[in-house]
Amino acid sequence: MKALLIATALGAMAATPSFADELFPQTGRTFELGGVNGSIYYTADDQDFRVVTTVGAEGASPMRHVAFLRDGQSLRLEVPGKAGSASRTLVIERLGDRLHLAPGADLRASLVLD
């Protein structure tokens, strides 16, 4: 049983975005999550980072999301996988005066462990 859980977790890691990065104010980057393309940038004011993400799939209207993050706050963008497979996740986290982008962990296996 544990071998199956470990194999599932390793497979999910392979399915996550292959980047961990830092983003700087007023510079953007693009990303891909399971067939959905996106872009992200942010601006900084006295306390908040205004994080703007735009995502869209081919043949669909894009969607924009705006979040205001303070130090220590984060948000997750998640695209569901096919039935029985892991979703694709991008975690956007503000740590001090930096914004970090990283693939999210698949938490399904942790729900099974006891």
Side-chain angles (χ1 to χ4, degrees):
M1 180 68 167
K2 283 187 180 183
L4 176 62
L5 292 175
I6 291 170
T8 302
L10 290 174
M13 286 172 42
T16 58
S18 60
F19 61 84
D21 205 357
E22 188 174 305
L23 193 63
F24 298 97
Q26 300 177 351
T27 60
R29 76 164 286 158
T30 59
F31 58 89
E32 188 276 337
L33 286 175
V36 175
N37 295 310
S39 65
I40 181 171
Y41 73 91
Y42 78 97
T43 57
D45 66 18
D46 291 336
Q47 293 184 357
D48 296 324
F49 282 8
R50 180 179 180 265
V51 180
V52 179
T53 56
T54 305
V55 295
E58 189 173 327
S61 296
M63 185 177 82
R64 177 168 290 152
H65 180 265
V66 179
F68 295 88
L69 297 181
R70 293 199 172 180
D71 188 18
Q73 292 183 320
S74 65
L75 65 97
R76 296 170 62 96
L77 297 178
E78 191 167 326
V79 175
K82 294 179 182 177
S85 66
S87 59
R88 304 281 303 256
T89 305
L90 172 64
V91 177
I92 303 164
E93 182 174 24
R94 178 177 173 187
L95 297 172
D97 63 348
R98 302 182 187 278
L99 193 70
H100 292 270
L101 311 175
D106 178 15
L107 302 177
R108 294 177 304 158
S110 65
L111 298 175
V112 178
L113 296 177
D114 192 276

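Heads up: numbering here begins at 1 and tracks the sequence. Because only heavy atoms are used, hydrogens play no part in the values below, and waters and symmetry mates are left out as well, while side chains stay in.
- Remark: the backbone N or O of G34 is paired with a side-chain donor or acceptor of E32 at under 3.5 angstrom.
- L99 and L69 get closest at one heavy-atom pair: CD1-CD1, 4.1 Å.
- Placement of M63 and V66 in two distinct hydrophobic clusters is found when ILVMFWY residues are connected by side-chain heavy-atom separations under 4.5 Å, directly or transitively.
- Side-chain contact between R29 and L101 is present, with at least one heavy-atom pair separated by less than 4.5 Å.
- Closest of all the heavy-atom pairs between P80 and S87 is CA-CB, 3.8 Å.
- Pairing each heavy atom of G28 with each of L23, the nearest pair is C-CD1, 4.1 Å.
- The two residues S39 and F31 have their closest heavy-atom pair at N-CE2, 3.7 Å.
- When hydrophobic clusters are built by joining Ile, Leu, Val, Met, Phe, Trp and Tyr residues whose side-chain heavy atoms come closer than 4.5 Å, directly or via intermediates, L75 is grouped together with I40.
- Residues F68 and R70 are not in side-chain contact: their nearest non-hydrogen atoms beyond the backbone lie 4.5 Å or more apart.
- With contacts defined as side-chain heavy-atom distances shorter than 4.5 Å, the pair L77/V36 does not qualify.
- Remark: side-chain polar atoms of D71 are paired, donor with acceptor, to backbone N or O of G96 under 3.5 angstrom.
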Inset, instruction - Before giving the answer on side chain to side chain contact (heavy atoms under 4.5 Å, CB included), spell out for Y42 and Q26 the whole-Å C-alpha distance, their side-chain angles and the decisive distance to 0.1 Å. - result: CA-CA 6 Å; Y42 78 97; Q26 300 177 351; over 6 Å; no
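- Atom CZ of R94 is separated from atom NE2 of H100 by 11.0 Å, given to the nearest 0.5 angstrom.
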